[in-house]
Amino acid sequence: MNAGDLALQRSFPTVMVPRREPVTPMEAAGERLLVAENGVFLEIDLPWLSVVRRIADYSVPTAIPYGRVAERTVLRCGQVPAHLIGAFVEMARAAHPLETGAWVVWNARTREFRLAPVRVLSQGTGSLRYERPTLLVDELRVIDCHSHGAHPAFFSSTDNEDDRHETKFAFVVGNCGSSVPSMAMRLCAKGIFEEVGRVPSSWYAAARLKEVA
Ligand SMILES: [Zn+2]
């Protein structure tokens with residue numbers, strides 16, 4: 001086969017899921033397609049996250065002689081410390097009514113998290129243009145945070161467009177002038193968007209405006 005298609009297929013292989021044994025784990029970070037008896041699944045394997053989601057069903061009840069696959073999510077990096085969310089909310093308050101952004105990154109070697117502010121190119125009350133933060137060798141983005149100034153937290157059509165090709169959690173803070181801001185979070189996995197029903201209560205506690213003594 002030609003070199004171009006070979007490279008593409010190597011970067012995103014398709015696996016026939018066996019019936020009598022578990023599917024072989026991925027050898028390196030990346031993505032693959034699993035063709036199973038119960039549909040076609042996308043598997044994404046990263047040092048901080050492993051995710052499997054069904055992306056297609058069969059439209060004909062034909063017999064597929066492969067094994068079944070279950071959707072799963074494994075957050076390998078563990079829970080994100082609430083104080084980093086608190087620190088981002090502080091940034092969002094300082095920028096209010098303008099928007100701002102930062103990444104929560106995880107170091108795969110030290111297993112520590114930190115907040116890495118983006119380099120803002122231009123910011124408005126409904127827009128933000130930025131450059132990605134400079135990360136250390138072993139650092140990976142886990143949460144892409146941005147603020148909505150005085151507007152509520154939600155995912156706009158611009159956010160949908162920005163998040164379409166990426167694998168990350170996206171987090172929005174809104175009503176930044178309020179003592180308890182609004183928050184929204186979702187998992188983005190190469191076009192799959194899953195909004196998290198409830199942001200952890202520890203994040204709201206960390207985001208509460210500290211009373212000035
Ligand atoms: Zn937004």
Side-chain angles (χ1 to χ4, degrees), residues 31 42 44 46-49 51 53 55 71 73 75-107 113-135 139-210:
E31 303 148 36
L42 173 64
I44 301 172
L46 299 172
W48 67 275
L49 175 77
V51 65
R53 289 292 184 276
I55 57 168
E71 295 192 339
T73 310
L75 195 58
R76 297 208 172 104
C77 61
Q79 296 298 317
V80 171
H83 73 88
L84 294 181
I85 300 301
F88 178 66
V89 173
E90 287 293 306
M91 278 182 60
R93 279 202 182 99
H96 170 77
L98 303 181
E99 297 195 359
T100 193
W103 287 4
V104 173
V105 302
W106 180 71
N107 189 307
F113 290 93
R114 75 175 174 99
L115 189 67
V118 301
R119 275 185 289 174
V120 174
L121 299 175
S122 71
Q123 57 192 153
T125 55
S127 66
L128 178 68
R129 282 184 52 245
Y130 63 87
E131 274 180 12
R132 295 164 163 246
T134 309
L135 302 187
E139 284 184 327
L140 301 162
R141 176 185 58 188
V142 173
I143 309 181
D144 187 345
C145 310
H146 73 282
S147 67
H148 274 181
H151 305 288
F154 69 100
F155 293 102
S156 66
S157 51
T158 309
D159 294 334
N160 290 348
E161 194 53 39
D162 292 346
D163 294 346
R164 205 154 54 92
H165 301 291
E166 305 196 319
T167 300
K168 64 185 182 186
F169 283 99
F171 176 65
V172 188
V173 178
N175 308 96
C176 299
S178 142
S179 59
V180 183
S182 55
M183 301 184 194
M185 185 160 79
R186 68 181 177 188
L187 172 67
C188 309
K190 298 274 170 169
I192 299 164
F193 295 141
E194 289 176 7
E195 197 145 345
V196 173
R198 189 180 286 178
V199 172
S201 57
S202 61
W203 290 17
Y204 282 102
R208 199 160 291 141
L209 188 62
K210 311 278 181 298

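We number each residue from 1, following the sequence as shown. In each ligand, atom 1 is the first atom listed, and ligand 1 is the first ligand listed.
Applying the salt bridge (Lys or Arg N to Asp or Glu O under 4.0 Å) test to every pair with at least one member in residues 196-205, sequence neighbours left out, gives no pairs at all. Among residue pairs with one or both ends in residues 88-97, those qualifying as salt bridge (Lys or Arg N to Asp or Glu O under 4.0 Å) are Glu90-Arg93; sequence neighbours excluded.
Remark: Glu161 engages Arg164 in a side-chain hydrogen bond (donor to acceptor under 3.5 Å, both in side chains) (not counting sequence neighbours).
Of the possible donor and acceptor atoms, none in the side chain of Ser179 sits under 3.5 Å from a partner among the backbone N and O of Leu209.
Between the NE2 atom of His146 and the CG atom of Leu128 there is a distance of 7.5 Å, given to the nearest 0.5 Å.
Around the Zn ion (ligand 1), the protein atoms of type N, O or S that sit closer than 2.8 Å are His146 NE2, His148 NE2, Asp159 OD1, Asp159 OD2.
Remark: the Asp159 side chain and the Ser156 side chain contain an N/O donor-acceptor pair separated by less than 3.5 Å.
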